[in-house]
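Here the structure comes first, spelled out in structure tokens, and everything after it is commentary.
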Amino acid sequence: MSALLTAENLSFRYAGTPVLQDVNVRAEAASMLAVTGPNGSGKSTLLHLLAGVEKPWAGHVSRAPEVRVALLPQRTGDIDALPLTVTECVRIGRFARRRLTRADHAAVHDLMERLEIAHLGRRRLRELSGGQRQRTLLAQTFVQEAEVYLLDEPTAALDTATRGRVHELLTEKVRGGAAVVLASHDREESALAGRAVTLGR
Ligand SMILES: Nc1ncnc2c1ncn2[C@@H]1O[C@H](COP(=O)(O)OP(=O)(O)OP(=O)(O)O)[C@@H](O)[C@H]1O
């Protein structure tokens, strides 16, 4: 199996407090990897390091330059304060890469249909419920044509039917050759992955 992204002997500290110690990750093409561990064990921190949002204190993350990485963070800060509609937010996933074509708009629409947010397209983000907001951010993530998807608790705010849809989308991404790295508390969800990295407290 070819590794699209690898992390070797990663260690990380927040203001001197160790969070991760010697963690190794291989995100392989056409496979799903779960990141598990209790609250505060460093799952989000690990995804941020893999995405390059944080720099490791020791060790390194490597990937080929052509490998595109999409990150769905658990916390998205003040995005709700931006005057964006749902459709605009999903389009950003595509727009970040290039000027949008008709096929791009179709991909945006298809994901919005599949995640049942098409009817919310003109709403502002701050007018959404927690689950509707999560579906919007999932659509924004999945519409990116990435090789590696880093997903932090992607279904925590979702009802059972929508979780099933998200799991179908994950399976499709893997079948299409992507690597999915999924941080989750949910055992059933983690079990979708062939392998797991378990972090201690
Ligand atoms: N910006 C920060 N500054 C200082 N400490 C932080 C910061 N972000 C996280 N931490 C601490 O680092 C540790 C790991 O946090 P992280 O969010 O990575 O854990 P997690 O496994 O994703 O947790 P959860 O399951 O609760 O989402 C925690 O003890 C947390 O308090």
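Start at 1 and go down the list; that is how both ligands and their atoms are numbered. Only this structure's heavy atoms are used, side chains among them; waters, hydrogens and symmetry mates stay out.
Scanning the protein for heavy atoms near atom 16 (P) of ligand 1, the closest one is Thr45 OG1, 3.7 Å. Atom 19 (O) of ligand 1 has Gly42 N, 3.2 Å as its closest protein atom, hydrogens excluded (heavy atom only). Of the protein's non-hydrogen atoms, Lys43 N, 3.5 Å is the one closest to atom 20 (P) of ligand 1. Taking atom 6 (C) of ligand 1 as the reference point, the nearest protein heavy-atom neighbour is Tyr14 CD1, 3.3 Å. With respect to atom 26 (O) of ligand 1, the closest heavy atom belonging to the protein is Asn39 ND2, 3.1 Å.
Considering only heavy atoms from C-beta on, Val197 stays 4.5 Å or farther from Val181 through its side chain. Within the 4.5 Å cutoff, the side chain of Arg135 has heavy atoms near those of the Thr162 side chain. With a 4.5 Å cut-off on side-chain heavy atoms, Val90 and Ile117 count as touching. The shortest distance between side-chain heavy atoms of Arg163 and Asp186 falls below 4.5 Å. Counting only heavy atoms from C-beta outward, the side chains of Thr87 and Met112 approach each other to under 4.5 Å. Within the 4.5 Å cutoff, no side-chain heavy atoms of Glu66 are placed close to those of Glu147. Within the 4.5 Å cutoff, the side chain of Leu151 has heavy atoms near those of the Phe142 side chain.
The closest approach between Gly37 and ligand 1 stays at or above 4.0 Å for every heavy atom of the residue. Close to ligand 1: His185, with a non-hydrogen atom less than 4.0 angstrom away.
Only the side chain of Val19 comes within 4.0 Å of ligand 1, judged by heavy-atom distances. Of all the heavy atoms of Pro38, the ones lying under 4.0 Å from any atom of ligand 1 belong exclusively to the backbone.
One distance of note links NZ of Lys55 with NE2 of His60; it measures 13.0 Å at 0.5 Å rounding.
Within the 4.0 angstrom cut-off, atom 31 (O) of ligand 1 has no protein heavy-atom neighbours. Within a 4.0 Å radius of atom 28 (C) of ligand 1, the protein contributes at least one heavy atom.
Atoms of ligand 1 lying under 4.0 Å from at least one heavy atom of Gln74, given by number and element, are 27 (O).
Of the candidates Ser44, Ala156, Gly40, Gly40 brings a heavy atom nearest to atom 13 (C) of ligand 1.
Annotation: Glu188, atom CD; neighbour count of heavy atoms from other residues, nucleotides and ligands within 6.0 Å does not exceed 12.
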